[in-house]
Amino acid sequence: MRIVMMGTGTFAEPTFEALIAAGEQVVGLVTQPDKDVGRRSGTSRQTGKGMAAIASAHGIPVAQPQSINTPEGLAELKAFAPDLVVVAAYGQILKPEVIAAPPLGMINVHASLLPKYRGAAPVAYAIWKGETETGVTIIRITPGLDSGEMLAQASMAILPTETAGELEGRLAPLGAKLCLDVVQRMKSGPVSGTKQDATLVTKAPKLTKAMGAIDWSKSAEEIGRQVRALQPFPTAYTYFHRPGKDAMRIVIRRVHQHLIGVHGIPIHSAPGTMMSPLIVPQDGPYLGIAQVPGLFVATGTNALRVDELQPAGKKSMTAEEFLRGYPIGEGYRFGPES
RNA sequence: CGCGGCGUGGAGCAGUCCGGUCAGCUCGCCAGGCUCAUAACCUGGAGGUCAUAGGUUCAAAUCCUAUCGCCGCAA
């Protein structure tokens, strides 16, 4: 059975490698064109690099059409003469003609418990929405977005402090195992699937930069989930305001939730107010006692402790380091740009 | 030739617009002291060609030019 792999991100890599390692006949890889990203000769951030590297390491030919949906792109796929195409995190929506190209169709590794979280960013949404469990589903690809029959599914608990990047890292091997299993079953005949329950469908659309803006009036829990969901991309951010200084954009990398008052923080601080136990505004009642160093920010509910952040033009740093360089004073706050 | 920020002792920053009194701050490190004890406190100490190379000037971290490196945004 001639198999073509279609995938781009790191999520696809374990599946690709599993197929190769299992001795399946992987005859080609279709991946996104290499993009030079960044300033001059991009130091980092390239997409498609990893997959292409794996392919060349195993002597597997690679196709990188600008769009798979053009006649040219489709021709490149057909040139591999695949019986089956395995898709994982490819990044382009496939047209019916493309899906129909291989005789056995296409299957997709999707990082959610379908029918929940159909779309481009299922892992991030699962965290953002506060799910405690997610998983991987192998589906048959149909013209609808992630709406095909489910061929296999496995679940996994979401850890309380896990970021989307970390969770995806754990889901990828699970997906690889499931996918390989389905592929091997397909070799011995048609595999039946179950339909997705249309009433349970939820969407996980592509993430945008704008989604990273933190609204400090929301609950600490919600902001915490947002930060984890948008890590490592597109990242949650806010602006650092100091009296008499220009606002500074800051990416919030990691936070920790705290009950308000427990660490000597006054109850009535406006959302976004920055506090440190060393310099606590002298107002409002205190409930707490513990001296825990750190950078605390008032939210709509509790205080949130920021553990790791990255000011514009700087590298990521711990809150401790940040506070040495930018000791908190009165009127310091996080908030929207202006 | 897309836009922008940054490079100051081991870490994070201030100082740069308005050149000289600027090499500073918060930590870390080393030694000593205090303490039952500590990431607490006190005293003392080591450590920097202020990214690099030129230029302007009596004088440059600070102004000009070029180079290297790091980062963010936009695609």
Side-chain angles (χ1 to χ4, degrees), chain A residues 8-9 31-49 52 64-70 73 89-93 120-121 124 163-165 205-215 226-227 229-256 258 262-265 274-281 286 288-297 305-338:
Chain A
T8 299
T31 192
Q32 301 271 23
D34 290 343
K35 289 179 192 167
D36 272 332
V37 181
R39 296 131 301 238
R40 286 162 207 170
S41 54
T43 20
S44 60
R45 295 208 308 188
Q46 290 207 328
T47 28
K49 253 325 198 207
Q64 297 182 301
Q66 200 62 45
S67 167
I68 189 68
N69 292 317
T70 60
Y90 179 59
Q92 290 185 24
I93 291 177
T163 65
K206 211 167 173 174
L207 297 171
T208 65
K209 292 276 179 193
M211 292 175 180
I214 295 174
D215 176 357
Q226 178 184 15
V227 169
L230 302 184
Q231 191 65 227
F233 178 87
T235 68
Y237 64 89
T238 190
Y239 287 85
F240 177 35
H241 297 278
R242 290 172 288 174
K245 297 272 192 178
D246 288 341
M248 181 187 278
R249 188 180 194 274
I250 292 195
V251 170
I252 305 297
R253 297 266 174 206
R254 207 171 64 243
V255 298
H256 191 275
H258 272 270
V262 174
H263 296 279
I265 286 171
M274 297 168 70
M275 298 165 285
S276 166
L278 301 175
I279 308 169
V280 176
Y286 297 81
I289 23 92
Q291 269 292 83
V292 176
L295 170 58
F296 295 85
V297 183
R305 191 181 80 208
V306 176
D307 291 334
E308 195 177 333
L309 63 173
Q310 178 172 21
K314 300 290 185 183
K315 290 178 181 172
S316 191
M317 63 181 76
T318 63
E320 201 183 349
E321 289 172 323
F322 178 80
L323 288 172
R324 278 188 208 118
Y326 302 95
I328 296 174
E330 279 295 329
Y332 282 28
R333 64 186 178 84
F334 278 155
E337 186 161 11
S338 54

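Chain letters run A, B, ... following the sequence lines, proteins first, then strands; residues in each count from 1. From a predicted model like this one, the values you see are computed outputs, not experimental measurements.
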- request: Report the distance from atom CE of Met317(A) to atom C1' of G28(B), rounded to the nearest whole Å.
  value: 16 Å
task: Take atom P in G20(B) and the same atom in C1(B), then report the distance between them in whole Å.
output: 39 Å
- request: Starting from C1' on G5(B), measure out to CD on Gln310(A) and report it in whole angstrom.
  value: 12 Å
- line: note: Arg249(A), atom CZ; C3(B), atom C1'; distance rounded to Å ~ 14 Å
field: Of the listed nucleotides A14(B), C70(B), G72(B), the one nearest the side chain of Lys315(A)
entry: C70(B)
- prompt: How far, in whole Å, is G54(B) from C17(B) if one measures between their P atoms?
  reply: 23 Å
- prompt: Between atom CD in Glu320(A) and atom P in C27(B), what is the gap in whole Å?
  reply: 11 Å
- prompt: Would you say Lys314(A) reaches G7(B)'s phosphate, i.e. side-chain N/O to OP1/OP2 under 4.0 Å?
  reply: no
- line: So CZ of Arg242(A) and CE of Met274(A): to nearest 0.5 Å the spacing works out to 9.0 Å
message: Can you check the distance between C73(B) and G15(B), where both ends of the measurement are the P atom (answer in whole Å)?
response: 24 Å
So which protein nitrogen or oxygen atoms get under 3.5 Å of nucleotides 24-26 of chain B's nitrogens or oxygens?
none

message: In whole Å, measure the gap between the C1' atoms of A53(B) and A46(B) for me.
response: 31 Å
message: Any heavy-atom pair between the side chains of Phe240(A) and Leu309(A) that's under 4.5 Å?
response: no
- prompt: Hey, is the side chain of Lys209(A) poking within less than 4.0 Å of OP1 or OP2 on C73(B), counting only N and O atoms?
  reply: yes
query: How close do Val306(A) and Ala319(A) get, heavy atom to heavy atom, and via which atoms?
result: O-CB, 3.0 Å
Interatomic distance where CG belongs to Leu309(A) and P belongs to G12(B) [whole Å]: 13 Å
task: Compare all side-chain heavy atoms of Tyr332(A) with those of Tyr326(A) and state whether any distance is below 4.5 angstrom.
output: no
field: Any residue meeting salt bridge (Lys or Arg N to Asp or Glu O under 4.0 Å) with Arg254(A), in chain and number order, not counting sequence neighbours
entry: Glu308(A)
statement: Between Ala52(A) and Gln64(A) the two heavy atoms that sit nearest each other are CB-NE2, 4.5 Å
statement: Heavy-atom closest pair (Thr8(A) atom, Gln32(A) atom, distance to 0.1 Å) is OG1-CG, 3.0 Å
query: Under 4.5 Å between any side-chain heavy atoms of Phe322(A) and Ile250(A), yes or no?
result: yes
task: To the nearest 0.5 angstrom, please state how far the OG1 atom of Thr208(A) sits from the CG atom of Leu230(A).
output: 9.0 Å
Whole angstrom value for the distance that separates P of C27(B) from CD of Glu321(A): 14 Å
query: Counting a pair only when it is Watson-Crick or G-U and both distances are under 3.5 Å, which runs of at least 3 such pairs involve RNA chain B?
result: B:2-7 with B:68-73, B:10-13 with B:24-27, B:29-33 with B:41-45, B:51-55 with B:63-67
- prompt: Mapping Arg242(A) and Thr235(A) to their closest nucleotides on RNA chain B, which lands nearer the 5' end?
  reply: Arg242(A)
Rounded distance in Å between the C1' positions of A31(B) and U8(B): 27 Å
message: What's the gap between U65(B) and C58(B) when it is taken at their C1' atoms, as a whole Å value?
response: 23 Å
query: To the nearest angstrom, how far is Glu337(A) atom CD from G4(B) atom P?
result: 16 Å
message: Rounding to an integer number of angstrom, what distance separates C68(B) and G12(B) when you compare their P atoms?
response: 24 Å
query: Which whole-number value in Å describes the distance from Met248(A) CE to G12(B) C1'?
result: 12 Å
- request: Take atom C1' in G9(B) and the same atom in C30(B), then report the distance between them in whole Å.
  value: 15 Å
task: With rounding to the nearest 0.5 Å, note down the distance linking OH in Tyr237(A) to CD1 in Ile252(A).
output: 12.0 Å
